Amino acid sequence: MRKKIVAGNWKMNLMNQEALLLFNTISSKLDKDSIANVMVFPPSLFVHQLANSENSEITIGVQNFYPKDKGAFTGEISVSQVKDSGATSVLIGHSERRAYFNETHQFLKEKVDSAIDYELEVIFCCGEPLEIRENNSEMSYVKKQLEASLFHLDGDTIKKCVIAYEPVWAIGTGKTATIAQAEEMHAAIRFWLTEKYNSEIAESISILYGGSCNASNANELFSCPNVDGGLIGGAALDAEAFLQITNSF
Ligand code: PEP
């Protein structure tokens, strides 16, 4: 069975004590019988502390990093520093980074390679803006994102990655993709993986849905055959809502 994953993207929210409280609450109340692999992506300043806290089943990742070992890149956090912090996963290709920080296909490819070099798990985000969906071009748009920055990996390497489909028009808007829209895109992504690699590899890769997923709609979304969990923004800041999502399989 593919790994089921619920990942919380805290974005640029929370003060240190609030982050600690949220993390400890989730950690202590996680249902031991839940089949979900639970991950959180806090602001980088909190990562070291959370990644090194004892007795937590939660995987810690970073929302961003710079794909160099070290050097004169003021304000950036290197891939080696991410590894050293104890984080084990990285988000790459989130639409907010593509849109507000001009992260290009080529730059995202460099981030993917750099994370792989450091044996960090890649959660690769893709998804179309509203105007692309309105033009009915979402399939070719998402396929291009994957081909340009992820599908250069060999089969053994891509198997270790996770893909998150996040339609941009659904992120932070309260407007969720319908079950049909989510399943259609997830099935297409799996088909492209089969075309490029093979069905064994395609069937082994977890594909998460992101975009206004919450405690009320997670169950329905996660019941889609090709949806293996969620990347959660707003609802990940509420411990009870997030915990409920982790039990929505
Ligand atoms: C996200 O930022 O990855 C996200 C899915 O946000 P939200 O759940 O708030 O739409």
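Treat the numbers as computed from the prediction; the structure is a model and nothing was measured. Both counts, for ligands and for their atoms, begin at 1 and track the order of listing.
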Query raised in the report: Can you say whether the rings of Y66 and F73 are parallel (under 30°), tilted (30 to 60°) or perpendicular (over 60°)?
Result: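 Ring orientation, 0 to 90° scale: tilted.
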Shortest protein heavy-atom distance from [atom], along with the residue and atom involved:
atom                   : value
atom 2 (O) of ligand 1 : K11 NZ, 2.5 Å
atom 8 (O) of ligand 1 : G233 N, 2.8 Å
atom 1 (C) of ligand 1 : H94 NE2, 3.3 Å

Does any donor atom in the side chain of [X] or [Y] lie under 3.5 Å from an acceptor atom in the other side chain?
X    : Y    : answer
W169 : E131 : no
E128 : Y165 : yes
D113 : H152 : yes
N226 : Y209 : no

Should you measure from each heavy atom of [X], which atoms of ligand 1 turn up under 4.0 Å away?
X    : result
G234 : 7 (P), 8 (O), 9 (O)
L231 : 3 (O), 5 (C)
E166 : 1 (C), 3 (O), 4 (C), 5 (C)
G172 : 7 (P), 9 (O), 10 (O)

Query raised in the report: Does an N or O from G211, backbone or side chain, lie closer than 3.5 Å to an N or O of ligand 1?
Result: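 No, since none of the N or O atoms of G211 sits under 3.5 Å from an N or O of ligand 1.
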Requested in this report: Take atom CD of E57 as the centre, draw a 6.0 Å sphere, and report whether it contains more than 12 heavy atoms from other residues, nucleotides or ligands.
Outcome: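 Count not over threshold, so no.
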Report task. Please determine if K111 and E103 form a salt bridge, counting it only when a charged side-chain N lies under 4.0 Å from a carboxylate O. Result ->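 A salt bridge is present here (some side-chain N lies under 4.0 Å from a carboxylate O).
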Query raised in the report: Is the closest heavy-atom distance from A235 to ligand 1 below 4.0 Å?
Result: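 A235 does not count as a contact of ligand 1 under the 4.0 Å cut-off.
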Query raised in the report: Does ligand 1 have any atom that is closer than 4.0 Å to a heavy atom of A170?
Result: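 Heavy atoms of A170 do come under 4.0 Å of ligand 1.
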Query raised in the report: Under a 4.5 Å side-chain heavy-atom rule over Ile, Leu, Val, Met, Phe, Trp and Tyr, are L237 and L30 clustered together?
Result: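 Same cluster.
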Query raised in the report: Given that the side chain starts at C-beta and the backbone is N, CA, C, O, which of these parts of N9 lies under 4.0 Å from ligand 1, counting heavy atoms, or is it both or neither?
Result: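 The part of N9 near ligand 1 is the side chain, not the backbone.
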